[in-house]
Number of protein chains: 2
Amino acid sequence: MPRKKSTVTIQDVAAAAGVSVSTVSRVLNNKDDVAEDTYENIQRVINELGYTSSLAAKSMRSRQTNVIGLVVTDLNQSFCLNVVKGVNQAIEQLDYDLLVYTGGGSGNRTWAVRERQYVSLLNGSITDGIIVVTPTAETFSTHYPLVAVDPHLDSTDFPAVIATNRIGALSAMEHLLGLGHRRIGFIGGRPDLQSAIRRLEGYKDSLRQANLPLDPDLIQIGDFTQETGYRCAQNLLALPEPPTAIFAANDKSAFGAIEAIIDAGLSVPGDISIVGFDNIEESSYIYGGLTTVDQFIVDMGRVAVDMLITLIQNKPIENYVYRMPTRLRVRNTCQAFVPKIPYTPDRL
Amino acid sequence: MPRKKSTVTIQDVAAAAGVSVSTVSRVLNNKDDVAEDTYENIQRVINELGYTSSLAAKSMRSRQTNVIGLVVTDLNQSFCLNVVKGVNQAIEQLDYDLLVYTGGGSGNRTWAVRERQYVSLLNGSITDGIIVVTPTAETFSTHYPLVAVDPHLDSTDFPAVIATNRIGALSAMEHLLGLGHRRIGFIGGRPDLQSAIRRLEGYKDSLRQANLPLDPDLIQIGDFTQETGYRCAQNLLALPEPPTAIFAANDKSAFGAIEAIIDAGLSVPGDISIVGFDNIEESSYIYGGLTTVDQFIVDMGRVAVDMLITLIQNKPIENYVYRMPTRLRVRNTCQAFVPKIPYTPDRL
DNA sequence: CGTTACTTCGGTATCGTTACCGGAAACAAT
DNA sequence: ATTGTTTCCGGTAACGATACCGAAGTAACG
């Protein structure tokens, strides 16, 4: 089934302008060795014919496309989405275009396979460099410019932008402990993610530093979605001695937790305080404002672009791994803990 | 500054396997005239070398890439974002990959120019077909498969997916009128968008049908952002006789309006009822749930993919313009209007 | 006027891949 | 033994663009 191929090529432009393709190519690439009037004439013809050059052909020959690629697992995750936004913002300032490659969820191919495929697909083909968000692949061939955002491994095989997850978790816990909470639940994320692991570490370290016991029942592991956040919180509430505060390892989980708490007839922060992690857009206004750890996701995207451009230009890179600072944003889901009447097994 | 180009090509595979490039190409494209053992041998070599074919070269030659392109103005707009999600979901089921082209905000080039550029860029180069979200361009050369989502013009030059904006607005107004509201404010969107125009029409038509006066002061035009929603609502509240209900032409505006109302010391829906339009994700839980008109954005993306695939396969298309139905989702931002003491200029 | 230098442009090779044609076996049929 | 008929595979020509080389033409110089 042959497609009608009626795109206008550089040949057509050359013919219409009465010059060679070489000359047209020079005009397209703003080379300076072309006469003023021929330049303008060719430009006019280009506009008349509505010609735009084929990215495929260009990139094949010249290896300089001024396009950067972004490989992202799932746009439905707010983390990925915000990185995309940041990258987008940074790209706007530059003379680059952005191509986002997304594989969606789980098809028949596993993501690790698809990811490598996509990277190869974009590279050596179309883009000058690639940013990969939450990559699972163990190794990339480092022959081309590539920056990873929040990689699953702590390896430094490739340049990366990583949030200071452990320190962020520490600051969240510090806040809750400072408010007098002693029994603090944790809702974690997918254990295959480096970020989830580091936040859990922060939770544990914080308790250790405060000389508080580590109750495994208080640690519930979800998958960073609102649904699992809801269920994890239910589990915590069902405990014989439920926590007075919950630290959720991401904002979506925190939303789910708040929902569960409200559905259980309790209030936030009246009965239970909540701290999230991420500071996604909704967190500023939802439920009156979620207290959360800002990891500046959008800025992570920006930094990634900066690093990538540096790599593309073959300039030396100062920080091979950029650690994005985190900051606690205090809003309205936390309250000082007021001790109640001690729990007695048989109350009269 | 020459880039290290060390990607493995089909030539390398052929050499390593001791066959011709033609044979390797046949294996890659699953042609059936290859002997069993050579097939397997080549596959083995491909895996060993970690070869993946160059999208650029492939598409240049064969015009069949199994990639569909998505050109989107701004991922920061929730409408666009949700369409992307829908497209993403639909793509997952198919043997296609998705390439999102986004131009970000306003660079030195205007969007109309960039848009046409992107379409040309992707087409004839890389993708088998394109979906364009909220396109501004007047005309696309219709030589290649293209589907528009929510085009600015009502033209039928190309296949499109459009929400039933006027009818949706009608249903929102019907709801408010049914609750007894007679003075209803309207917060509109960018007047260059077809969808914004149609929703405003619905607002006006509804008032006309109900034999209510059309007060121009009650119509405030923003740009579909939360910020302008806020300011528009402030304008409405500052009116000598403020409305008892507000119909915002999209959910983000509605959020802004609610914020403004709360900041003014009033409550929703206690003092003022709010209806939005879109039903984006946040609307289900924000402020206890926003009453809004669902336009099934995600499904619009899905439908667009279906149409595009049909076009690519050269099959006949039944509905050139698909009109997505809308449905009012009643949540918790509306209340029956209870008449208060009539307003008197000089109260004692 | 001859030589040199610079500007401006055309021709050709090439990027990595697939479409197409045709050829060499292998096998079957007469 | 000759003649089809498969089956499998290699060679070659594109696809659309840019890099490179070199050739005209013009200007400048001694």
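Along DNA chain D, the nucleotide nearest V24(B) and the nucleotide nearest R61(B) are compared for position; the residue whose nucleotide lies closer to the 5' end is V24(B). Each of V21(B) and L28(A) lies near DNA chain D, and the nucleotide nearest V21(B) is the one positioned closer to the 5' end. Summary of the strand contacts: D32(A) and Y51(B) both lie near DNA chain C, and taking for each the nucleotide with the nearest heavy atom, the more 5' one is attributed to D32(A).
In summary, R44(A) and E48(A) engage in a salt bridge, as defined by a charged side-chain N under 4.0 Å from a carboxylate O. Using a 4.0 Å cut-off between charged nitrogen and carboxylate oxygen, R190(B) and D192(B) count as a salt-bridge pair.
We find that CG of D37(A) is positioned 17 Å from P of dG25(D), with the value rounded to whole Å. Counting to the nearest Å, the P atom of dC15(C) and the CD atom of Q11(B) are 8 Å from each other. If you take CG of D12(B) and C1' of dG16(C), they are 10 Å apart, rounded to a whole angstrom. In this structure, I126(A) atom CD1 and dA17(D) atom C1' are separated by 14 Å, rounded to whole Å. At whole-Å resolution of the value, CG in L55(B) and P in dT17(C) are 11 Å apart. The separation between I10(A) atom CD1 and dA19(D) atom P is 11 Å, rounded to whole Å. Between D33(A) atom CG and dC20(D) atom P the separation is 13 Å, expressed in whole Å. When the P atom of dT18(C) is taken as reference, atom CG of N66(B) falls 12 Å away, rounded to whole Å.
Between dG16(D) and S54(A), no contact under 4.0 Å exists linking OP1 or OP2 to a side-chain N or O. Side-chain nitrogen and oxygen atoms of T38(A) include at least one within less than 4.0 Å of the OP1 or OP2 phosphate oxygen of dC9(C). Look at K31(B) and you won't find any side-chain N or O under 4.0 angstrom from OP1 or OP2 of dC9(D). Between S25(B) and dT18(C), a side-chain N or O to OP1/OP2 separation shorter than 4.0 Å is present.
At a threshold of 4.0 angstrom between heavy atoms, the contacts of T23(A) are confined to the sugar-phosphate backbone, with no base atom among them. Contact annotation for S22(B): base contact, defined as any heavy-atom pair under 4.0 Å involving a base atom. Among the protein residues, Y39(B) comes within range of no part of the nucleic acid, since none of its heavy atoms lies under 4.0 Å from any strand.
Between I10(B) and Y51(B) the shortest heavy-atom distance is N-CE1, 3.5 Å. Here the closest non-hydrogen pair linking I297(A) and F79(A) is CG2-O, 3.5 Å. Scanning all heavy atoms of the two residues, the minimum distance from V149(B) to M300(B) falls at CG1-CE, 4.0 Å.
Closest to the side chain of V34(A), out of dA17(D), dC9(C), dC9(D), is dC9(C).
Side-chain N/O atoms of R26(A) and base N/O atoms of dG10(C) include a donor-acceptor pair closer than 3.5 Å.
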